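Okay, structure first, notes after.
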Amino acid sequence: MFFKVITHMDQTYSPVVLIVDDDEAVTRRMSRNFLQQTSMGVLVAQTLVNAANLIEDVDVRIDALVMDLNFREETRDDVRNLRDGLDFIQFAQKVRPEVPTAVVSVEGDDVDKKAQAKKGKIRVDSWHQKLGNENGPLSAWDTIERDCLTRTLKADQGFRSRLKELKIDVRDLLTDEAIAEKVRKVIRLSRLTYLTDVGSDFHVCKPIEVICTQQGKYRYSASAIQIGIATSGEGDDPVEAINDLAEILVAEAKLFLTEAHEPVGYAAKVKKNLLSFLKVPN
């Protein structure tokens, strides 16, 4: 059967996952897995303070939470009394009770941790070993994406109608473990994701919204529309495109900061927008 590919939807399915882990190598690897292997966007926090601020920020989209359990002393939130991953999950579910949670930790199979969560009435939708098999239908990213897509199909009549136009039986998708992969191949979804790190030259003081779009079979673009820079990042996959965009934003910020004369008109607006997100570290 021939399926027409849709590149734009009136109501774009574009879930965002918040990854909270105090190990930078882990957050980078998991971000890459979500961006390359799913249709989801990514938001990263390496301290419980930053993560709590994001959960409380109504302007930031969060559709799922991936959580480590253990956090170093300096990455905890003493003000909110968030000492570990279970503390944070309980806090997050009070603020955003609809957001599903997956634990990805070296203690992902620990029966005591699961018992602690159950006793505290802390909902964890799936448990995963951080050092376990990263690929396949049981991986954290595949499980989370499938859950987000299933919930969207159940709740969003407009999305179901568009799939029906493509001759896709929604009832079959809701019982199909390969649901995410099948929908992803048919609909090239523009995804919302976030930049929270652009390197050591600048500190990202608030998440930068990025729209990542598939331009061809192996070509992607990434745009920071809210900043107003016309140039997009490009790459062979979403990670490359987003990294390219980060380099563009850094180059533009450096140019604005070293120019002898203040820009005028639209350029002045772009400078104001960009430098409200990027600050030179102290």
Side-chain angles (χ1 to χ4, degrees), residues 4-19 27-44 54 57 59-63 141 145 148 162 183-259 263-280:
K4 180 181 178 182
V5 173
I6 292 178
T7 55
H8 298 284
M9 296 178 66
D10 294 333
Q11 295 180 341
T12 300
Y13 163 74
S14 177
V16 176
V17 59
L18 171 59
I19 301 170
T27 58
R28 286 187 181 277
R29 184 176 71 249
M30 293 195 67
S31 295
R32 183 174 63 249
N33 287 333
F34 270 105
L35 289 170
Q36 291 181 338
Q37 299 181 33
T38 77
S39 61
M40 299 185 72
V42 170
L43 188 59
V44 170
L54 292 172
D57 189 340
D59 293 325
V60 173
R61 178 166 182 171
I62 299 173
D63 299 281
W141 32 97
E145 183 190 28
C148 286
R162 297 302 294 269
V183 173
R184 202 185 312 127
K185 285 182 177 180
V186 175
I187 304 175
R188 293 177 183 170
L189 299 163
S190 296
R191 80 176 82 185
L192 168 67
T193 190
Y194 291 91
L195 262 177
T196 55
D197 183 6
V198 295
S200 59
D201 290 333
F202 290 92
H203 167 68
V204 180
C205 51
K206 55 184 177 179
I208 301 172
E209 289 185 5
V210 174
I211 300 298
C212 190
T213 305
Q214 187 173 357
Q215 303 293 341
K217 189 174 182 180
Y218 299 111
R219 201 64 185 167
Y220 293 80
S221 68
S223 304
I225 296 176
Q226 64 184 151
I227 291 177
I229 292 178
T231 306
S232 299
E234 304 287 340
D236 294 337
D237 62 36
V239 176
E240 283 190 9
I242 293 167
N243 288 342
D244 187 42
L245 175 63
E247 292 179 3
I248 292 170
L249 296 181
V250 167
E252 289 290 335
K254 288 181 177 179
L255 182 62
F256 281 134
L257 291 174
T258 57
E259 283 183 327
V264 296
Y266 185 73
K269 293 181 180 179
V270 171
K271 177 181 179 179
K272 181 179 179 181
N273 290 341
L274 181 57
L275 297 184
S276 71
F277 287 94
L278 301 186
K279 302 295 183 184
V280 178

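For the single chain, residues carry numbers from 1 onward in sequence order. Just so it is clear, the structure is predicted and the values come from calculations on it, not from any experiment.
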Roughly how far, to the nearest 0.5 Å, is [atom2] of [Y] from [atom1] of [X]?
X: K271; Y: E259; atom1: NZ; atom2: CD; value: 7.0 Å
X: L275; Y: E252; atom1: CG; atom2: CD; value: 10.5 Å
X: D237; Y: R32; atom1: CG; atom2: CZ; value: 10.0 Å
X: I208; Y: T196; atom1: CD1; atom2: OG1; value: 9.0 Å
X: F277; Y: L195; atom1: CZ; atom2: CG; value: 10.5 Å
X: L274; Y: K269; atom1: CG; atom2: NZ; value: 16.0 Å

Backbone of [Y] reached by a side-chain donor or acceptor of [X] within 3.5 Å:
X: D244; Y: G233; answer: no
X: R61; Y: T193; answer: no
X: E145; Y: S39; answer: yes

Minimum heavy-atom separation for [X] to [Y], with atom names?
X: M40; Y: L35; result: O-CD2, 3.7 Å
X: S31; Y: V42; result: OG-CG1, 3.4 Å
X: V60; Y: L54; result: CB-O, 4.3 Å
X: V204; Y: D197; result: CG2-N, 3.8 Å
X: N273; Y: Q226; result: ND2-O, 3.7 Å
X: S223; Y: S232; result: OG-OG, 2.7 Å

Item checked: Stepwise side-chain contact (heavy atoms from CB on, under 4.5 Å) test for Q36 and V239 -> CA-CA 7 Å; Q36 291 181 338; V239 176; 3.7 Å; yes

Margin query: side-chain contact (heavy atoms from CB on, under 4.5 Å) for T258 and F256? Distances and angles first, verdict last.
Written below: CA-CA 6 Å; T258 57; F256 281 134; over 6 Å; no

Notebook entry, point to check: Side-chain donor-acceptor pair under 3.5 Å between E234 and S221, yes or no?
Noted result: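 No, no side-chain donor-acceptor pair sits under 3.5 Å.
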
Next item on the list: Evaluate side-chain contact (heavy atoms from CB on, under 4.5 Å) for D201 paired with K254, printing each intermediate quantity in order.
Entry: CA-CA 9 Å; D201 290 333; K254 288 181 177 179; 2.8 Å; yes

4.5 Å side-chain heavy-atom contact, [X] and [Y]:
X: E209; Y: I225; value: no
X: L43; Y: P207; value: yes
X: D236; Y: Y220; value: no
X: D63; Y: V17; value: no

Next item on the list: Give a yes or no on whether a salt bridge exists between K206 and D59, defined as a side-chain N under 4.0 angstrom from a carboxylate O.
Entry: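 Judged by the 4.0 Å cut-off on N to carboxylate O distance, K206 and D59 do not form a salt bridge.
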
Notebook entry, point to check: When L245 is tested against each of N243, L249, I242 for side-chain contact (heavy atoms from CB on, under 4.5 Å), which residue passes?
Noted result: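 Result: among N243, L249, I242, L249 is the only option passing the side-chain contact (heavy atoms from CB on, under 4.5 Å) with L245.
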
Item checked: Lys NZ or Arg CZ of K279 over F202 ring: under 6.0 Å, within 45° ->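 No; the conditions do not both hold, so K279 does not lie above the ring face of F202.
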
